[in-house]
There are 2 protein chains.
Amino acid sequence: MDAEVNERWPTVVDMTATPATRRSDATRAAILRAARERFAADGYDRATIRAIAADARIDPSMVMRYYGSKEGLFAAAAEFDLRLPELTGVPAGRLGELLVRHFLDRWEGDETMVALLRAASTNAGAAERMRDVFADQLGVAVARVAPDPAGAPRRAGLVASQMLGLALTRYVLRLPPVADADPAELVAWVAPTVERYLRGEPATPR
Amino acid sequence: MDAEVNERWPTVVDMTATPATRRSDATRAAILRAARERFAADGYDRATIRAIAADARIDPSMVMRYYGSKEGLFAAAAEFDLRLPELTGVPAGRLGELLVRHFLDRWEGDETMVALLRAASTNAGAAERMRDVFADQLGVAVARVAPDPAGAPRRAGLVASQMLGLALTRYVLRLPPVADADPAELVAWVAPTVERYLRGEPATPR
DNA sequence: GTCGTTTGCCAACAACCGTTGGCAACGGTA
DNA sequence: TACCGTTGCCAACGGTTGTTGGCAAACGAC
């Protein structure tokens with residue numbers, strides 16, 4: 001299964017006093033950067049190792065040596081932290097605004113999330129990672145501010161549905177009214193939705 | 001470009017008095033059904049013509065003859081009509097409920113939409129069709145009920161972001177709190193969001 | 001300088017893909 | 001009957017993919 005990835009330090013003795021640099025680290029980083037770009041632009045299947053290697057100006061076989069397989073490369077490239085701010089103590093009515101603005105900022109500045117989203121449609125591993133990101137990171141953050149502990153997972157799921165829908169229509173599908181909108185305007189429209197999902201009255205089927 | 005698809009009637013004379021049946025129609029339908037299933041389950045790239053042909057129990061070359069190319073097959077399989085009901089005249093406060101319920105019903109009963117959604121992440125043609133479906137069908141329906149003509153496209157885009165986000169988290173990512181939820185409960189939670197996007201006060205950035 | 005490790009490239013493999021052309025069987029028409 | 005368009009399968013093509021093994025250069029430790 002695991003292809004004996006070269007991921008350990010030289011035996012016996014360190015190369016330098018500062019432990020964390022090898023000559024190949026620049027190559028590793030270049031591969032990772034090119035991989036994120038390609039996965040974000042093309043999705044998992046269409047992003048080929050050959051194209052990624054060409055972008056990083058190295059041989060395709062280097063990708064295999066450093067990351068073991070295409071799946072391994074993707075796993076490394078799709079490491080993602082939502083970097084959610086602390087939500088407790090945010091004044092009533094400001095939580096939605098804070099969250100929507102944070103998501104938009106986070107996505108504009110880091111294409112990893114778009115790569116993960118594009119890949120998750122066809123790659124089972126990417127979908128699972130997406131589930132983990134939202135269940136773990138968003139899930140626990142929401143649990144700390146939800147008025148009802150039992151309802152927290154559903155509230156988090158609803159927030160995820162709106163935020164991922166926003167990301168899908170804006171960055172992947174590029175639906176014009178959403179893709180061209182000013183971020184501040186999107187925040188103004190969507191914030192009340194998120195606020196209600198987080199702290200509003202539990203909805204009951206009629 | 002077009003591969004001379006065999007899509008016309010026998011020359012000179014009809015085979016039968018009823019014009020619309022050929023012996024191959026059953027095969028065509030079987031291909032289309034298998035294609036929708038595969039595209040929905042695997043996305044555009046991973047759904048191979050060979051696999052679709054195997055599901056339909058015919059030779060892969062038949063797919064080419066009847067649909068010209070893989071792109072042509074997808075175009076035929078991803079024909080989709082939202083079948084939106086008439087929205088004008090719906091009493092205030094009931095529009096969101098009606099729409100959310102309609103979308104959920106439409107998606108549970110027809111996997112075409114999921115196929116389109118999965119494929120749209122990596123296939124440019126699928127993304128364009130998705131844009132068209134929501135701009136044309138949802139766009140015009142929303143324009144008839146929006147209080148401000150100029151704001152209608154944005155309102156439609158926001159509704160699309162929430163509805164597609166729901167489809168993504170429920171049917172593609174299968175995020176547990178959304179995928180396992182009772183449809184009625186989802187309607188209760190999401191309907192007010194859609195109602196506000198459709199007819200609420202225009203949001204202004206602060 | 002010498003030796004072992006690291007870094008990189010090249011060439012190739014096996015598998016799979018969409019696509020094509022040809023050929024046999026069938027089924028109505030005359 | 002002979003004929004001709006339709007339906008279907010088979011075998012193969014050219015291209016691309018992930019992946020592998022070997023070899024040459026660069027490098028650091030001694």
When the distance from [atom1] of [X] to [atom2] of [N] is rounded to whole Å, what number comes out?
{"X": "A:Tyr66", "N": "D:dT19", "atom1": "OH", "atom2": "P", "value": "17 Å"}
{"X": "A:Asp59", "N": "D:dA24", "atom1": "CG", "atom2": "P", "value": "16 Å"}
{"X": "B:Lys70", "N": "C:dT20", "atom1": "NZ", "atom2": "C1'", "value": "17 Å"}
{"X": "A:Arg50", "N": "D:dG18", "atom1": "CZ", "atom2": "P", "value": "7 Å"}
{"X": "A:Arg57", "N": "C:dG8", "atom1": "CZ", "atom2": "P", "value": "15 Å"}
{"X": "B:Arg38", "N": "C:dC17", "atom1": "CZ", "atom2": "P", "value": "10 Å"}
{"X": "A:Tyr67", "N": "D:dG18", "atom1": "OH", "atom2": "P", "value": "16 Å"}
{"X": "B:Met62", "N": "C:dG18", "atom1": "CE", "atom2": "C1'", "value": "17 Å"}

Quiz item: Distance only, no hydrogens: is a donor on one side chain within 3.5 Å (strictly under) of an acceptor on the other, for B:Arg196 and A:Thr193?
Solution: yes
Quiz item: Are A:Arg170 and A:Glu108 ion-paired here, with the side-chain N under 4.0 Å from a carboxylate O?
Solution: yes
Quiz item: If only side-chain N and O atoms of B:Thr27 are considered, is one of them under 4.0 Å from the OP1 or OP2 phosphate oxygen of D:dG8?
Solution: yes
Exercise. Please name the pair of heavy atoms, one in A:Leu87 and one in A:Val90, separated by the smallest distance, quoted to 0.1 Å.
Key: O-CG2, 3.1 Å
Quiz item: Does a side-chain heavy-atom distance below 4.5 Å link B:Phe103 with B:Gln162?
Solution: no
Exercise. Give one of base, sugar-phosphate or nothing for B:Ser61, where a contact means two heavy atoms less than 4.0 Å apart.
Key: base
